[in-house]
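Just below is one structure, and these are the notes that go with it.
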Amino acid sequence: MSEIRVGLLGLGTIGIGVARILIEQQELISRRLGKQVRLVTAADRILGRDFDLDLISSVRLTDDANDVVTADDVDLVIELIGGYEPARSLVMTAIEHGKHVVTANKALIAKHGEEIFLLAAEKGVAIGFEAAVGGGIPCLKALREGLSANAIESVYGILNGTCNFILTKMENEGADYADVLREAQELGYAEADPTFDVEGIDTAHKLSILAAMAFGSRIRFDEVFTEGISRISAADIEAVSELGYRIKLLGIAKPHGDGSDMKRIEMRVHPTLVPLSAQIAQVSDSYNAVQICGDFVEQTIYIGRGAGERPTASAVIADVMDIARVAPDGVAHLAPPMGFVESERSELETLPVADIECEYYLRFMVQDKPGVIAAITSVLSDHRISLEALSQKERHATQAVPIVMLTHETAEGNLQAAISRITSLTNVEEDVLILRKENFGA
Ligand code: HSE
């Protein structure tokens, strides 16, 4: 039986998962592939760790990643170091040396994907990055191949396992934000720098990849409007729940304009109110969900584990197998990495944040004095912002109390202008929480 020879960069959580899946599923993989996947070398910064895995002890280990990306006996490099550098340089060197590359690194693809794809095409090698989005869910394959006959109308995603885990535990157990974040780190879900998770950056990396693949545009990570979950309190979760909603950190991408007239793409990441009845609201813990609407297929949803050792390794090895099936001579027959022929990918602009149209949840902290609500609603009325719900739950003679409102749809720029007028009113504090709402047909 022929084989594909693999070099591995990084023996952290996912690297160990990859080694483990290659051992545990060796026979299954060979039966499906008709070839063997053989790990020949692995690089890790800390050598001499006890990996407790026979496979690791039987391969050539090095602490110099350059040895792996330039090795003559490696056909395919799996990059699991994460982050922008040195991952970018190593991947580029691997491609220069004619190696195929599989990576789980969403930051790398979001930021440097375009130059990586160009070099890979020039060198005639394949790039796989299924594990970069949605962990173990084959959502990129679904979008790139399964839905390829559809014009995509929207993409919604719960794309960060850590945030979903935190929001779920805060809601179900009243757990403390910091404690749950620590637990997510221990389970191997969180990024090396967990602010990437909780501030929405990881979700924005993934959304920028999904959006470019959905709409045939270039990856524009830097243009994604991004807000995280760090300002959400247990009180907000409760107030939202009383209104019939749940808070999820969503990545949202939509095209603007019709068909070939499509001019701009809306891309945003923020904590979002979703109706309890929506399927995506039921996706909890570290599970991810990607909901894609195509013009022929209509709504589809893909749900699964979005982080962790085994699910991510599952996606990495599926990519290795796809490439191994057609390597060494047939990689041109693989679907293009971003789902469109390179010359057909366009330079669509990103919709300015001020033009995004949404319904909003607003939480103001105000002194409990006569006329405060009237003053706030008068400003909203000036800006033609209509209200769906309004409540004040607490009373307090001396301390600020929360007032919660749901608005009808308005443009973000208009909403922000109204908020800045409201926060300059007497008796209204500057600390306003603005959450956006999506109705999912409810
Ligand atoms: N930190 C990421 C998450 C890992 O929590 O989803 C998977 O990309």
Side-chain angles (χ1 to χ4, degrees), residues 10 12-18 21 78-84 87 102-111 113 128-141 155-170 175 177-210 213 219 221 224 226-230 232 247-251 269-272 280 283-291 302-319:
T13 306
I14 313 304
I16 294 301
V18 163
I21 199 170
I78 301 178
E79 184 277 308
L80 301 173
I81 296 172
Y84 303 129
V102 170
T103 178
N105 189 337
K106 49 272 160 139
L108 176 72
I109 299 296
K111 198 100 171 164
F129 50 97
E130 181 64 65
V133 181
I137 315 170
C139 57
L140 294 185
K141 198 172 183 75
V155 178
Y156 291 90
I158 294 177
L159 299 169
N160 184 271
T162 302
C163 286
N164 210 32
F165 186 75
I166 291 174
L167 291 171
T168 304
K169 290 228 163 192
M170 282 177 75
Y177 173 88
D179 290 344
V180 195
L181 174 57
R182 205 169 310 115
E183 202 180 327
Q185 286 174 298
E186 282 161 16
L187 288 164
Y189 301 158
E191 296 303 298
D193 175 356
T195 58
F196 271 47
D197 296 295
V198 296
E199 298 307 340
I201 300 157
D202 177 74
T203 302
H205 284 144
K206 294 164 178 169
L207 182 75
S208 67
I209 299 169
L210 280 168
M213 194 178 282
I219 303 174
F221 158 69
V224 180
T226 307
E227 274 181 8
I229 63 165
S230 58
I232 308 287
I247 300 176
K248 292 290 180 194
L249 183 71
L250 291 192
V269 169
H270 48 70
T272 311
I280 211 160
V283 178
S284 55
D285 299 315
S286 74
Y287 280 82
N288 279 196
V290 183
Q291 181 164 336
Y302 313 89
I303 298 172
R305 288 247 180 237
E309 177 187 315
R310 291 170 73 93
T312 312
S314 156
V316 166
I317 295 303
D319 271 350

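Remember, it's 1-based here, ligands and their atoms both numbered in the order they're listed. Owing to the predicted nature of the structure, the values given are computational and were not obtained by experimental measurement.
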Notebook entry, point to check: How many angstroms lie between atom NZ of K106 and atom CG of L207, to the nearest 0.5 angstrom?
Noted result: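 Interatomic distance, K106 NZ to L207 CG, rounded to 0.5 Å: 14.0 Å.
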Margin query: Within this structure, what is the CG-CG distance for the pair L250 and N164, rounded to the nearest 0.5 Å?
Written below: 9.0 Å
Ignoring hydrogens, what is the shortest heavy-atom contact between [X] and [Y]? Give both atom names and the distance.
X	Y	result
I303	Y287	CG2-CD2, 4.3 Å
K248	S284	NZ-CA, 4.2 Å
C139	E130	N-OE2, 3.1 Å

Next item on the list: Quickly, which of N160, T226, T162 forms a side-chain hydrogen bond (donor to acceptor under 3.5 Å, both in side chains) with D202? Name it, please.
Entry: N160
Which residue owns the protein heavy atom closest to [atom], what's the atom, and how far is it?
atom	answer
atom 4 (C) of ligand 1	Y189 O, 3.2 Å
atom 8 (O) of ligand 1	K106 NZ, 2.5 Å
atom 6 (O) of ligand 1	G161 N, 2.7 Å
atom 5 (O) of ligand 1	T162 OG1, 2.6 Å

Numbered atoms and elements of ligand 1 in range of [X], under 4.0 angstrom, heavy atoms:
X	value
E191	1 (N), 2 (C), 4 (C)
D202	2 (C)
A307	3 (C), 4 (C), 6 (O), 7 (C)
N160	1 (N), 2 (C), 3 (C), 5 (O), 6 (O)

Next item on the list: Decide whether an N or O pair under 3.5 Å exists between D197 and ligand 1.
Entry: yes
Margin query: Could you check whether any side-chain N or O of D197 sits under 3.5 Å from a backbone N or O of E191, counting only pairs where one atom can act as donor and the other as acceptor?
Written below: yes
Notebook entry, point to check: Would you say G306 touches ligand 1, if touching means a heavy atom closer than 4.0 Å?
Noted result: yes
